[in-house]
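Taking it in order: structure first as structure tokens, then the write-up.
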Amino acid sequence: MHGLDSEFKDLSFTEIQAFEEAVNKVSNEALRNRHKRPKATTILEEFSEMILAFRGKHDDPPELELVQIASACINVLWQLEVGIDVNNIVTYRH
């Protein structure tokens, strides 16, 4: 990927502000919902809602669904980091 770096231009001031706002929205949402301890399927559920939102078939806007996906990813990631089982997609039985 290092070779691709030269193909990208620097962000404009407006783009930097939008990026920082997006990071803040995701961070705040993750903080608000950290006690819920989402499982892996939460990400799939939010992703499905995002698709529906883009199609105009969900009440929430796509931007909100993206924030919810990203914040759920953060909350699943920290749980994995401390050894919490977040797998509710596949169960292995021996």
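We use all heavy atoms of the structure for the numbers below, so side chains are in, but hydrogens, waters and symmetry mates are not. Note that the structure is predicted; figures quoted are calculated from it, not measured.
Partners of Glu29 according to the salt bridge (charged side-chain N to carboxylate O under 4.0 Å, His left out) rule, which considers only residues two or more places apart in sequence or in another chain, are Arg32. In this structure, Ser27 has no side chain to side chain donor-acceptor pair (under 3.5 Å) partners at least two apart in sequence or on a different chain.
For Pro61 against Ala53, the heavy-atom pair with the smallest separation is C-CB, 4.0 Å.
In terms of hydrophobic clustering, with Ile, Leu, Val, Met, Phe, Trp and Tyr side chains grouped at heavy-atom distances under 4.5 Å, Ile43 and Leu52 are assigned to different clusters. Note on Leu64: it does not cluster hydrophobically with Val26, by side-chain heavy-atom contacts below 4.5 Å among ILVMFWY residues.
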Tell me which donor-acceptor pairs under 3.5 Å the side chains of residues 10-20 have, and how far apart each pair is, sequence neighbours excluded?
residue: Ser12; atom: OG; partner: Glu15; partner atom: N; Å: 3.1
residue: Ser12; atom: OG; partner: Glu15; partner atom: OE1; Å: 3.4
residue: Glu15; atom: OE1; partner: Ser12; partner atom: N; Å: 2.7

Name each donor-acceptor pair under 3.5 Å that joins a side chain in residues 67-81 to protein atoms two or more places apart or in another chain, with its distance.
residue: Ser71; atom: OG; partner: Val67; partner atom: O; Å: 3.2
residue: Ser71; atom: OG; partner: Gln68; partner atom: O; Å: 3.1
residue: Asn75; atom: OD1; partner: Trp78; partner atom: NE1; Å: 3.0
residue: Asn75; atom: ND2; partner: Ala30; partner atom: O; Å: 3.1
residue: Trp78; atom: NE1; partner: Asn75; partner atom: O; Å: 3.3
residue: Gln79; atom: NE2; partner: Pro38; partner atom: O; Å: 2.9
residue: Gln79; atom: NE2; partner: Asn75; partner atom: O; Å: 2.9

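The distance from the OG1 atom of Thr41 to the CD1 atom of Ile89 is 6.5 Å, given to the nearest 0.5 Å. To the nearest 0.5 Å, the span separating CZ on Phe54 from CG on Leu66 amounts to 5.5 Å.
Listed by first then second residue, pairs satisfying salt bridge (charged side-chain N to carboxylate O under 4.0 Å, His left out) with a partner in residues 33-44 number zero, not counting sequence neighbours. Applying the side chain to side chain donor-acceptor pair (under 3.5 Å) rule to pairs touching residues 50-61 yields His58-Glu65, sequence neighbours excluded.
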